Student: 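This is the structure I want to talk about, given as structure tokens.
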Amino acid sequence: MRDDPEEGMLSWDETVFRDEHVFEIDYVPETFNHRETQLQSLKYALRPAVRGSRPLNTTVRGPPGTGKTTAVQKLYGELGAQSGVRTVRVNCQVDSTRYAVFSRIFEHIFEYEPPSSGISFKKLFGQITDRLVEEDEVLAVALDDVNYLFYENEASDTLYSLLRAHETHSGARIGVIIVSSDLSLDVIDELDGRVQSVFRPEEVYFPVYGVDEIVDILRGRAKRGFHDGVVGDPELDRVAELTAESGDLRVGIDLLRRAGLHAEMRASRTVTLEDVEAAYDKSKYVHLSRCLRGLSDSERALVRVIAEYDGEQAGAVYEGFHDETGLGYTRYSEIVTKLEQLGIIDTEYAEIDGRGRSRSLSLAYDTDAVLDRL
Ligand SMILES: Nc1ncnc2c1ncn2[C@@H]1O[C@H](COP(=O)(O)OP(=O)(O)OP(=O)(O)O)[C@@H](O)[C@H]1O
């Protein structure tokens with residue numbers, strides 16, 4: 001008997017998905033619930049722009065995958081449709097210097113890239129502000145993942161230029177939203193004194209969603225993404241429970257998609273709990289990847305050292321870290337706390353014979369999985 005390659009699989013045109021695109025990373029959801037308070041505060045800060053005034057500067061903070069970027073995208077979409085307002089969102093992971101940030105702003109305003117032959121920053125800035133004044137437009141800039149500007153030591157210069165634009169270029173009106181998922185970064189504290197004196201932002205915080213909120217959000221996504229009846233309540237609850245472990249909504253969205261693909265592989269038209277568990281083997285790394293991506297060089301170095309000294313005492317890990325980076329104990333401790341908060345490492349206290357309590361550090365994920373993504 002010949003093996004039938006079609007056996008045990010759905011045919012090409014059979015699928016559990018109504019619209020698989022809704023599970024993709026850049027999909028902006030139509031419905032955006034459970035962030036009413038944060039949207040309200042952001043609207044309050046942006047509202048002056050509609051009346052032709054400078055919007056209030058704002059910091060948006062919260063752990064990864066809590067809807068910060070989506071909130072800004074939604075409001076900027078609405079605000080950008082008003083006459084007299086320009087909205088530009090800059091991803092600082094991609095554009096991590098002052099020049100790159102202003103090039104991106106230029107590109108949005110002029111709808112072409114600035115000349116690559118390298119015009120001076122002053123000229124680039126001047127052309128942007130001239131155009132804003134000429135067109136009588138207010139500019140609202142969002143610096144997303146702003147921590148990268150700090151890593152490159154470009155944050156103070158960038159903000160200084162944006163915040164004082166009206167002094168150097170009469171008539172320019174610019175407001176800034178800075179978005180950070182690095183809770184250990186004290187944005188104001190890290191800025192130069194000259195910037196601190198002009199930067200008194202409104203603050204909007206995005207906490208992690210509760211399990212019930214996660215269920216509700218994922219139900220909406222599943223409804224759009226899957227055909228009716230593909231995912232039942234017990235499966236959805238399990239997906240939400242697994243998502244709540246990190247609080248990163250990206251895990252849940254990825255998990256729904258992978259569970260659907262897993263069901264299809266079994267030639268099934270419904271997703272079961274087994275599909276969810278199997279898919280989680282991969283989806284759990286979505287949060288890890290996001291967290292590793294956001295680390296600075298010295299933070300990465302410590303992750304590498306902990307991988308090497310997995311399970312060893314904090315003192316021994318420090319020696320390895322110091323040898324690698326030359327950094328001192330205070331910085332080391334701060335990074336340990338940050339990595340623990342992010343869920344990348346676990347720390348455990350143990351009694352050491354005759355030497356009191358000591359702390360051991362280990363990776364919270366499989367070592368190879370971490371090193372592969374670092
Ligand atoms: N309230 C919500 N309703 C529907 N989808 C949501 C909601 N909040 C977040 N999401 C979805 O979760 C994913 C992560 O959201 P988003 O990128 O806005 O988070 P973030 O806080 O900016 O994360 P990071 O700090 O890691 O950049 C996106 O796919 C987004 O569509």
Side-chain angles (χ1 to χ4, degrees), residues 61-65 91-101 143-158 178-192 245-248 250-251 282 284-350 352 357-374:
R61 295 186 340 119
N91 177 350
C92 300
Q93 191 188 0
V94 179
D95 298 310
S96 56
T97 63
R98 178 176 71 164
Y99 195 89
V101 168
L143 300 174
D144 206 348
D145 275 336
V146 75
N147 46 309
Y148 290 96
L149 288 183
F150 284 92
Y151 300 160
E152 300 296 327
N153 220 356
E154 296 271 345
S156 288
D157 283 350
T158 308
I178 62 179
V179 184
S180 167
S181 57
D182 184 348
L183 299 181
S184 65
L185 176 74
D186 185 334
V187 173
I188 311 275
D189 210 43
E190 294 287 326
L191 291 167
D192 290 357
E245 283 184 15
S246 63
D248 185 339
R250 283 194 200 87
V251 173
K282 293 246 167 66
K284 66 181 174 194
Y285 294 125
V286 168
H287 179 64
L288 174 67
S289 297
R290 170 67 187 94
C291 291
L292 293 177
R293 201 156 49 76
L295 299 183
S296 66
D297 290 343
S298 38
E299 290 162 352
R300 275 165 203 275
L302 181 54
V303 174
R304 225 173 280 118
V305 172
I306 294 175
E308 201 183 315
Y309 291 71
D310 208 8
E312 292 201 29
Q313 302 302 314
V317 178
Y318 170 64
E319 299 288 321
F321 175 71
H322 179 71
D323 288 348
E324 185 90 3
T325 61
L327 292 170
Y329 198 82
T330 313
R331 184 71 191 115
Y332 165 72
S333 276
E334 284 168 5
I335 303 179
V336 168
T337 307
K338 172 170 174 178
L339 296 179
E340 193 182 9
Q341 271 171 3
L342 284 172
I344 297 173
I345 64 166
D346 292 324
T347 65
E348 201 177 326
Y349 281 95
I352 306 277
R357 273 153 61 81
S358 173
R359 195 159 63 139
S360 66
L361 308 181
S362 54
L363 293 177
Y365 293 85
D366 179 64
T367 309
D368 287 340
V370 173
L371 293 177
D372 282 353
R373 290 167 177 78
L374 203 57

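These figures come from a predicted structure and were not determined experimentally.
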Student: Measuring from atom CG of L327 to atom CG of L302, what distance do you get when rounded to the nearest 0.5 angstrom?
Tutor: 10.0 Å
Student: Show me the side-chain donor-acceptor pairs of residues 360-374 shorter than 3.5 Å, one per line, residues at least two apart or across chains.
Tutor:
from	atom 1	to	atom 2	distance (Å)
S360	OG	E348	O	3.4
D366	OD2	A369	N	3.3
R373	NE	S289	OG	3.4
R373	NH1	A369	O	2.9

Student: Locate the shortest heavy-atom distance separating G320 from V305; write the atom from each residue and the value.
Tutor: C-CG1, 4.0 Å
Student: Under 3.5 Å, is there a donor-acceptor pair between the S96 and E152 side chains?
Tutor: no
Student: If I take atom CD from residue E340 and atom OG1 from residue T347, how far apart are they, to the nearest 0.5 angstrom?
Tutor: 3.5 Å
Student: Which residues pass the salt bridge (Lys or Arg N to Asp or Glu O under 4.0 Å) test with E299, sequence neighbours left out?
Tutor: R331, K338
Student: Does atom CG of D297 have more than 12 heavy-atom neighbours from other groups under 6.0 Å away?
Tutor: no
Student: Once you round to the nearest 0.5 Å, how far does SG of C92 lie from CZ of F150?
Tutor: 9.5 Å
Student: For H287 and L342, which heavy atoms make the closest approach, and how far apart are they?
Tutor: NE2-O, 3.5 Å
Student: Nearest 0.5 angstrom please: E190 CD to S156 OG, how far?
Tutor: 9.0 Å
Student: Determine, step by step, whether R293 and Y148 satisfy the side chain to side chain contact (heavy atoms under 4.5 Å, CB included) criterion, reporting the C-alpha distance in whole Å, the side-chain angles of both residues, the deciding distance to 0.1 Å, and the verdict.
Tutor: CA-CA 10 Å; R293 201 156 49 76; Y148 290 96; 4.1 Å; yes
Student: Which atom names give the shortest non-hydrogen contact between L143 and V101, and what distance separates them?
Tutor: CD2-CG1, 3.8 Å
Student: Under the salt bridge (Lys or Arg N to Asp or Glu O under 4.0 Å) rule, collect the residues that match up with R98, sequence neighbours excluded.
Tutor: none
Student: Give, for atom OG1 of T158 and atom CG of L149, the distance between the pair rounded to the nearest 0.5 Å.
Tutor: 5.0 Å
Student: Are the side chains of P63 and D248 in contact, using a 4.5 Å heavy-atom criterion?
Tutor: no
Student: Could I get the full list of side-chain hydrogen bond (donor to acceptor under 3.5 Å, both in side chains) partners for S181, not counting sequence neighbours?
Tutor: R290
Student: With a 6.0 Å cut-off (strictly less than), is the heavy-atom count around CG of D192, excluding the residue itself, greater than 12?
Tutor: yes
Student: Knowing that exactly one of I335, V336, T330 qualifies, which makes a side-chain contact (heavy atoms from CB on, under 4.5 Å) with Y332?
Tutor: V336
Student: If I compare all heavy atoms of L295 with all of C291, which pair ends up nearest, and what's the gap?
Tutor: CG-O, 3.4 Å
Student: Give me each pair satisfying salt bridge (Lys or Arg N to Asp or Glu O under 4.0 Å) with a member in residues 300-318, each pair once, sequence neighbours excluded.
Tutor: none
Student: Atom CG in L191, atom CG in D157: separation rounded to 0.5 Å?
Tutor: 10.5 Å
Student: What pair of heavy atoms forms the shortest contact from R61 to L185, and how long is it?
Tutor: NH1-O, 3.9 Å
Student: By the ring-ring contact (aromatic ring centres under 6.0 Å, His included) test, which pairs, at least two apart or in different chains, include something from residues 296-317?
Tutor: none
